[in-house]
Novice: 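One structure coming up, written as structure tokens, with questions to follow.
Keep in mind it's a predicted model, so treat the numbers as computed, not measured.
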Amino acid sequence: MGPQTESIESLVLDAVRARVCPGAVWAVGDASGTSAGGAAGLLDPARPDEPMRADTLFDLASLTKIVAVWSVTGTLVESGALELHRPLGSFWPEVAGRPLGAATAHHLLTHTAGLPLRANLRFHYGSDPDEVRAGVLGEPLRHRPGEAVAYTDRAALVLGYLVEHLTGRRLAHLAAARVWNPLGMTETRYGPLTADVVSRCAPTEFDDATGTHLKGTVHDFSTRLLGGACGIAGVFAPRDDLCRFLRHTLSPGRSAFGASWVRRSLRVRTGELRPARGLFWHPDPGTTAARHDVWAHFGFTGTAMWVSPARGRWAVLLTNKLYFTRDGVPVARLRAAFRSLAFA
């Protein structure tokens, strides 16, 4: 990386000093491995003698949608167990005859299914997971599938339910068996986490119920309502496991999802609709797929990762910015600057 490495190190350290986040870890690499990486700041500002470490586990938040749901879905598509453009109601009895039955897995992956924008699961359906599932799968759509692009957590939640229906296995098991274990992502996991793992987790938002910052407990409330593991969020992972995952996207083998799934996903699949989306991945803000070919996904807790097949490069930036604030502007600026340097 040369001069870019020094610039990235300076950028991340400045963000820590400006209290964009307590700490951060990052890495950039290609199909052969990691070319540069680093860590800055503190694991927890309440413990000033404990620095952020490269092996810190982060609450990935919506990166769960990529490392669990998108990747598992890819294995099912490539094996022929799931047809992306087949209406869900034609093979999934739970949604047959319901509005969602007219949508397809492709609609879910492109956020064009017309699902409600907010999760608000407890407000609408209560706290029983079975009632939540029934409510989500039976909910009226905002518009006909394919008419508009609108990001919603529910797309990943429904896809998680779908892959469980198709396999008879829980999403956590599927992700570990089909993706994480084959790729050597030995520390990536859904909770509950053991005490020794929790000690290495980056704390996130202050929780009024416990009087302390969440640490090793998933931040997303909908995921907690569903037992800590679903398509929306719930995965914890360290940087190096995500490096293995991203490296695989540039050089897919037979151990997990393959090259056809990556090619299919990292292309604009929403036609003239805006914002442009691939399959769960999207062009990085400020870039276009045709000109830059830098695809991204972000997590609310302060996590982010990018991949560019045309440039043969990937990047990951993990922060626990939620420790300080829910304001997304400072971390968005950090991400944009980081991506510019990582893909210069």
Side-chain angles (χ1 to χ4, degrees), residues 1-2 4-5 7-9 11-12 21 23-41 43 51-72 74 175-176 178-190 197 200-202 235-259 261-262 265-266 280-281 284 293-299 301-320 334-335 338-344:
M1 290 283 291
Q4 287 102 313
T5 299
S7 296
I8 291 174
E9 289 175 341
L11 172 71
V12 174
C21 54
V25 300
W26 63 275
V28 179
D30 55 26
S32 65
T34 301
S35 56
L43 181 68
M52 183 67 76
R53 297 173 15 172
D55 64 349
T56 297
L57 276 79
F58 288 81
D59 177 347
L60 296 186
S62 282
L63 293 195
T64 296
K65 297 174 174 66
I66 296 294
V67 301
V69 182
W70 171 80
S71 57
V72 168
R178 289 174 171 260
V179 182
W180 304 339
N181 292 343
L183 295 183
M185 299 168 64
T186 58
E187 296 200 83
T188 299
R189 67 201 72 191
Y190 278 102
V197 174
R200 293 170 42 221
C201 288
V235 173
F236 289 81
R239 179 198 66 184
D240 288 354
D241 274 10
L242 297 185
C243 294
R244 294 181 180 93
F245 182 91
L246 290 166
R247 179 181 176 184
H248 182 75
T249 64
L250 291 180
S251 182
R254 297 181 179 179
S255 56
F257 54 89
W261 180 240
V262 176
S265 300
L266 302 185
F280 266 12
W281 295 88
D284 188 79
D293 190 49
V294 178
W295 297 83
H297 209 288
F298 305 139
T301 51
T303 57
M305 57 187 185
W306 299 261
V307 64
S308 173
R311 298 173 185 232
R313 188 173 297 178
W314 54 261
V316 59
L317 174 66
L318 304 176
T319 82
N320 55 334
L334 170 62
R335 287 169 176 162
F338 177 86
R339 185 264 305 158
S340 295
L341 290 170
F343 292 91

Novice: For residues Phe298 and Trp306, determine if any side-chain heavy atom of one lies less than 4.5 Å from a side-chain heavy atom of the other.
Specialist: yes
Novice: Provide the closest heavy-atom pair for Val12 versus Ala24 in the form atom of the first, atom of the second, distance.
Specialist: CG1-CB, 3.7 Å
Novice: Measuring from atom CZ of Arg335 to atom CG of Leu11, what distance do you get when rounded to the nearest 0.5 angstrom?
Specialist: 13.0 Å
Novice: Main chain of Leu183, side chain of Ser255: is a donor-acceptor contact present, judged purely on distance under 3.5 Å?
Specialist: no
Novice: To the nearest 0.5 Å, tell me how far Phe280 CZ sits from Ile66 CD1.
Specialist: 7.0 Å
Novice: Using the side chain to side chain donor-acceptor pair (under 3.5 Å) criterion, which residues pair with Trp295? Sequence neighbours excluded.
Specialist: Asp293
Novice: Could you walk me through whether Arg247 and Trp314 pass the side chain to side chain contact (heavy atoms under 4.5 Å, CB included) test, one step at a time?
Specialist: CA-CA 7 Å; Arg247 179 181 176 184; Trp314 54 261; 4.0 Å; yes
Novice: Between Ser71 and Val67, what is the shortest heavy-atom contact and its length?
Specialist: OG-O, 2.8 Å
Novice: Over all heavy atoms of both residues, which pair between Ala54 and Ala39 is shortest? Give the atoms and the distance, please.
Specialist: N-CB, 4.3 Å
Novice: Using salt bridge (Lys or Arg N to Asp or Glu O under 4.0 Å) as the criterion, list what pairs up with Arg339, not counting sequence neighbours.
Specialist: Asp284
Novice: Quick check: closest heavy atoms across Leu242 and Ala237, and the distance to 0.1 Å?
Specialist: CD2-CB, 4.3 Å
Novice: What closest approach, in Å, do Leu43 and Ala202 show between heavy atoms, and which atom pair accounts for it?
Specialist: CD1-CA, 3.7 Å
Novice: Any luck finding a side-chain donor-acceptor pair between Asp241 and Thr188 under 3.5 Å?
Specialist: yes
Novice: For Leu266 and Val307, which heavy atoms make the closest approach, and how far apart are they?
Specialist: CD1-CG1, 3.8 Å
Novice: Give me the ring orientation class for Tyr190 and Trp180: parallel if the planes are under 30° apart, tilted from 30 to 60°, perpendicular past 60°.
Specialist: tilted
Novice: Count the heavy atoms belonging to other residues, nucleotides or ligands that lie under 6.0 Å from CZ of Arg311, then report whether that count exceeds 12.
Specialist: yes
Novice: Listed by chain and number, what are the ring-ring contact (aromatic ring centres under 6.0 Å, His included) partners of Phe257, not counting sequence neighbours?
Specialist: Trp70, Phe245, His248
Novice: Kindly compute the distance separating OG1 (Thr319) from CH2 (Trp26), expressed to the nearest 0.5 Å.
Specialist: 15.0 Å
Novice: Applying side chain to side chain contact (heavy atoms under 4.5 Å, CB included), run through Gln4 and Val28 and close with a yes or a no.
Specialist: CA-CA 10 Å; Gln4 287 102 313; Val28 179; over 6 Å; no
Novice: Give a yes or no on whether the backbone of Leu318 and the side-chain of Arg239 come within a donor-acceptor separation of less than 3.5 Å.
Specialist: no
Novice: Are the side chains of Met52 and Asn320 in contact, using a 4.5 Å heavy-atom criterion?
Specialist: yes
Novice: Report the C-alpha distance between Asp55 and Asp240 in whole Å, list the side-chain angles of each, state the deciding distance to 0.1 Å, and finish with yes or no for side chain to side chain contact (heavy atoms under 4.5 Å, CB included).
Specialist: CA-CA 7 Å; Asp55 64 349; Asp240 288 354; over 6 Å; no
Novice: What do the steps show when you test Cys243 against Val316 for side chain to side chain contact (heavy atoms under 4.5 Å, CB included), and what is the final call?
Specialist: CA-CA 7 Å; Cys243 294; Val316 59; 4.1 Å; yes
Novice: Using 0.5 Å steps for rounding, measure from the CG atom of Leu246 to the CE atom of Met305.
Specialist: 5.5 Å
Novice: Ignoring hydrogens and geometry, is there a side-chain-to-backbone donor-acceptor pair from Thr303 to Leu60 under 3.5 Å?
Specialist: yes
